[in-house]
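Beneath this line is the structure, given in structure tokens, with notes to follow.
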Amino acid sequence: MNATAPLSRPVRLSVDCMGGDHGPSVTLPACRSFLDQHPQVELILVGKAEALVPAAGWARCRLVEATEVVEMDDPVEVALRKKRDSSMRVAIQQVKRNADGASEADACVSAGNTGALMAVARYLLKTLEGIDRPAIASVMPNQHGHYTTMLDLGANVDCSAEHLLQFAVMGSALVSAVDGKEQPTVGLLNIGEEVIKGSETIKRAGELLRAASLAGHLNFHGNVEGNDIFKGTTDLVVCDGFVGNVALKTAEGLAGMITSFLKQEFTRTPLTKLVAMLAMPTLKRFSRRLDHRRFNGAALLGLRGLVFKSHGSADALAFENALNRAYDAARNRLLDRVHDRILETLQALPGAGPSAAQPEAPAARHAA
């Protein structure tokens, strides 16, 4: 893949300020802190006029009014067909490129309803040529003190082998853009490392991934198991959305249980409370390593625009981290990198894509 230079102009992010469980009480403080940490960034804050009043007069900010809000329990149909002036929809619209190839924003961030966000984003932005389905990619901590990127985490329950190859291509571009690893290692999640294990879909996906690796378009490690996610065996782990979502929720639940157990044991007696005081620096470092807020911000990959999903219950720190991930992706031209990898892979393996047609270039590259 040809190296893609980072943006040299300010990155512009559009923010759905009304999304999530807490709305502006979380998103606005997060945006304020984010602006303070990134003096070159510009934000487009989208929401109801009265909710955006605290942000009036902020430097490097433009306020865009939306009269409706997609609630966390709204059906997808409501978000897509009835709430046409929702903060979510208007925020995503800022990323859509016009006939000249320009867009108001480089990426969009929302903590809103996941299903609605995916549906509205796919409707407005469309998928890249060569991609059947968008996928949700996020990260999990590993024992190396870094993290493992994983997709799909819930957008696609049933996937073909070709879909899994597409996820690997998109995920590799994400890791390359955000982490600076030109050839990140890719693992295919399976019930064993051996190539003979797994369903027929997984076996076929392994064949496609090995072929792509031999052609130099992926760095395929092979099959990996669930524990490899946290070992950090590979930079990227690919699976279908059903398995990925179960793995994600299981990991979140386990981390919460471990933290709860530690609190219970260290507060059990006066002696254990004293030990806890002595161990406080270590416990704080341990807690930080397990803090899911540090890893907030999932990318919706495969669209003709960058959209990032924050956890609905995110606090200001977590939402700011989602903004950081969107910023890194936009600054490092993730959309262009995804397109380039798809183009190269499908040219080498024409049978791996949804059709024989080659991917079209995005309407225009971001101006450097």
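- Residues Leu45 and Cys31 share a closest heavy-atom pair of CD2-SG, 3.8 Å.
- Side chain of Asn245 to backbone of Gly154: no donor-acceptor contact under 3.5 angstrom is found.
- Residue-environment remark: CG (Leu278) exceeds the threshold of 12 foreign heavy atoms within 6.0 Å.
- With Val120 as the fixed residue, the side chain to side chain contact (heavy atoms under 4.5 Å, CB included) test singles out one of Leu80, Val307, Val76: Leu80.
- Arg84 forms no cation-pi arrangement with Tyr123, by the criterion of a distance under 6.0 Å to the ring centre and an angle within 45° of the ring axis.
- Hydrophobic clustering, with ILVMFWY side chains joined whenever heavy atoms are under 4.5 angstrom apart, groups Val70 together with Met118.
- For Tyr147 and Asp179, the side-chain atoms include at least one donor-acceptor pair closer than 3.5 Å.
- A 4.5 Å side-chain heavy-atom check between Val186 and Val175 finds every atom pair outside the cut-off.
- A side chain to side chain contact (heavy atoms under 4.5 Å, CB included) with Glu104 is found for one member of Arg97, Lys96, Arg62 and no other, namely Arg62.
- Residues forming a salt bridge (Lys or Arg N to Asp or Glu O under 4.0 Å) with Lys197 (at least two apart in sequence, or on another chain): Glu194.
- Applying the salt bridge (Lys or Arg N to Asp or Glu O under 4.0 Å) test to Glu65 and every residue at least two apart in sequence or in another chain returns nothing.
- Between the side chains of Ser313 and Asp21, no donor-acceptor pair is found at a separation under 3.5 Å.
- The backbone N or O of Glu68 sits nowhere less than 3.5 Å from a side-chain atom of Asp85 that would complete a donor-acceptor pair.
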I would like to know whether Met150 and Ile229 meet side-chain contact (heavy atoms from CB on, under 4.5 Å); could you show each step before the answer?
CA-CA 8 Å; Met150 190 171 178; Ile229 298 170; 3.7 Å; yes
Chi angles and distances behind the side-chain contact (heavy atoms from CB on, under 4.5 Å) call for Leu300, Lys309:
CA-CA 7 Å; Leu300 275 57; Lys309 170 70 172 71; 3.9 Å; yes
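- Not a single side chain to side chain donor-acceptor pair (under 3.5 Å) links Ser14 to another residue, sequence neighbours left out.
- Around CG of Asp158, the count of heavy atoms belonging to other residues, nucleotides or ligands within 6.0 Å does not exceed 12.
- Annotation: Met277, atom CE; neighbour count of heavy atoms from other residues, nucleotides and ligands within 6.0 Å does not exceed 12.
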Apply the test side-chain contact (heavy atoms from CB on, under 4.5 Å) to residues Leu236 and Thr185: give CA-CA distance (whole Å), side-chain angles for both, the deciding distance (0.1 Å), then the verdict.
CA-CA 6 Å; Leu236 176 71; Thr185 53; over 6 Å; no
